[in-house]
Amino acid sequence: MEKSLVLIKPDGVEQNIIGKIISMYEEANLKVIELKMTTINKEFAIKHYKEHIGKPFFEELIDYITRGPLCALILEGDNAIDRIRKINGATNPKKADEGTIRALYGKNSTENCVHASDSVESANREIELWFK
């Protein structure tokens, strides 16, 4: 069974759609094995998004992810990483497939409601960071 970290980011929490998002994963036979609500500081956000340091959108991303509470969860299932990323949709909601989380609820490439690990290596690193 593969595991992935998923974040329901501050805009998802602000829209009051945590349950709707989790239901989409559960309906795809992905199992929530850990879940917590938290607000992160800038130092933690930089550790999480370290691969984006130096990119033009980095500061905006850090300001956004630290602006309020978010929901962090670990999902488990067969081929979970790829399946979760399909459920989430493209980073840019305008390019996301119809019916995906980002197409339904995202505002732009930053405020797109969810984050998910993009590989087994990333999942392992992110799960350790968020749920150690």
Side-chain angles (χ1 to χ4, degrees):
M1 288 294 210
E2 196 170 71
K3 294 179 184 175
S4 179
L5 176 81
V6 170
L7 302 177
I8 301 173
K9 299 192 282 187
D11 61 312
V13 174
E14 291 160 5
Q15 291 180 65
N16 202 31
I17 56 172
I18 294 169
K20 289 179 182 180
I21 291 172
I22 292 173
S23 289
M24 291 175 76
Y25 298 130
E26 290 180 327
E27 287 167 10
N29 293 318
L30 293 159
K31 182 176 178 146
V32 176
I33 60 171
E34 291 203 45
L35 179 140
K36 68 179 176 181
M37 291 290 297
T38 188
T39 302
I40 61 171
N41 62 29
K42 187 173 182 174
E43 180 184 345
F44 189 90
I46 290 169
K47 283 181 192 175
H48 176 75
Y49 284 117
K50 69 182 183 179
E51 70 275 9
H52 298 306
I53 292 173
K55 294 182 181 174
F57 58 84
F58 183 71
E59 288 301 321
E60 179 186 1
L61 179 61
I62 298 304
D63 288 344
Y64 157 67
I65 201 71
T66 58
R67 81 178 185 203
L70 55 79
C71 180
L73 54 151
I74 301 171
L75 293 178
E76 181 181 71
D78 292 329
N79 200 25
I81 292 168
D82 286 340
R83 291 173 53 217
I84 291 164
R85 294 179 68 77
K86 284 182 181 138
I87 294 165
N88 288 353
T91 302
N92 180 343
K94 290 181 175 94
K95 295 180 180 177
D97 290 341
E98 189 175 328
T100 61
I101 292 167
R102 290 172 171 155
L104 290 168
Y105 307 114
K107 296 176 188 166
N108 55 54
S109 292
T110 300
E111 293 190 47
N112 59 16
C113 294
V114 288
H115 162 86
S117 306
D118 63 3
S119 67
V120 172
E121 296 77 23
S122 291
N124 290 338
R125 180 184 73 81
E126 292 174 352
I127 288 168
E128 175 65 23
L129 179 64
W130 286 83
F131 289 94
K132 58 183 165 185

Kindly give the heavy-atom pair with the smallest separation between Pro93 and Ser109, and that separation in Å. CD-N, 3.9 Å
Could you tell me the separation between the CG atom of Asn92 and the CG atom of Asn108, rounded to the nearest 0.5 Å? 8.0 Å
Check side-chain hydrogen bond (donor to acceptor under 3.5 Å, both in side chains) between Ser117 and all other residues, then give those that pass, not counting sequence neighbours. Glu126
Side chain to side chain contact (heavy atoms under 4.5 Å, CB included) against Thr39, all qualifying residues, sequence neighbours excluded: Pro69
Just checking Asn16: does its CG atom have more than 12 heavy atoms from other residues, nucleotides or ligands closer to it than 6.0 angstrom? no
Glu51 versus Arg125: any side-chain heavy-atom pair under 4.5 Å? yes
Flag, side chain of Asn124 to backbone of Glu121, donor-acceptor distance under 3.5 Å: no
Connecting only ILVMFWY residues whose side-chain heavy atoms lie within less than 4.5 Å of each other, what is the rest of Val120's hydrophobic cluster? Ile81
Members other than Phe57 in its cluster, when Ile, Leu, Val, Met, Phe, Trp, Tyr link by side-chain heavy atoms under 4.5 Å? Leu5, Leu7, Ile33, Ile40, Phe44, Ile46, Tyr49, Ile53, Phe58, Leu61, Ile62, Tyr64, Ile65, Leu70, Ile74, Ile127, Leu129, Trp130, Phe131
Can you list the residues that meet the side chain to side chain contact (heavy atoms under 4.5 Å, CB included) rule with Glu60, with sequence neighbours excluded? Thr110
Dump the intermediate steps for side-chain contact (heavy atoms from CB on, under 4.5 Å) on Ile18 and Met37, then the final yes or no. CA-CA 10 Å; Ile18 294 169; Met37 291 290 297; 3.9 Å; yes
Determine whether a donor-acceptor pair (N or O, by modelled atom type, separation under 3.5 Å) exists between the side chain of Asp97 and the backbone of Gly89. no
Flag side-chain contact, heavy atom, 4.5 Å: Met1 against Asp78: yes
Which pairs pass ring pair (Phe, Tyr, Trp, His ring centres under 6.0 Å) with one or both residues in residues 81-103, sequence neighbours excluded? none
Please step through side-chain contact (heavy atoms from CB on, under 4.5 Å) for the pair Cys113 and Ile17, ending with a clear verdict. CA-CA 9 Å; Cys113 294; Ile17 56 172; 4.1 Å; yes
Got a sec, which pairs hit salt bridge (charged side-chain N to carboxylate O under 4.0 Å, His left out) with one end in residues 16-26, sequence neighbours left out? none
Quick check on Lys55: does its NZ atom have over 12 non-hydrogen neighbours (other residues, nucleotides or ligands) under 6.0 Å away? yes
Any side-chain heavy atom of Asn112 sitting closer than 4.5 Å to one from Asp11? no
Within residues 12-40 or reaching into it, pairs that qualify as ring pair (Phe, Tyr, Trp, His ring centres under 6.0 Å) - sequence neighbours excluded: none
Ala116 to Ile84 - nearest heavy-atom pair and separation: CB-CG2, 3.5 Å
Summary of salt bridge (charged side-chain N to carboxylate O under 4.0 Å, His left out) pairs that have at least one residue in residues 98-119, sequence neighbours excluded: Arg67-Glu111, Lys107-Glu111
Contacts of Asp63 meeting side chain to side chain contact (heavy atoms under 4.5 Å, CB included) (sequence neighbours excluded), chain-then-number -> none
Quick check: do Ile87 and Ile101 have side-chain heavy atoms less than 4.5 Å from each other? yes
Side-chain heavy atoms of Lys31 within contact of Leu75, under 4.5 Å: no
For a side-chain contact (heavy atoms from CB on, under 4.5 Å) check, start with the C-alpha distance between His115 and Lys9, then their side-chain angles and the critical distance, and finish with the verdict. CA-CA 7 Å; His115 162 86; Lys9 299 192 282 187; 4.3 Å; yes
Partners of Lys42 by side-chain hydrogen bond (donor to acceptor under 3.5 Å, both in side chains), sequence neighbours excluded? none
Which residues share a side chain to side chain contact (heavy atoms under 4.5 Å, CB included) with Glu27, sequence neighbours left out: Ser23
Nearest heavy atoms of Val13 and Cys71, plus distance in Å: CG2-N, 4.1 Å
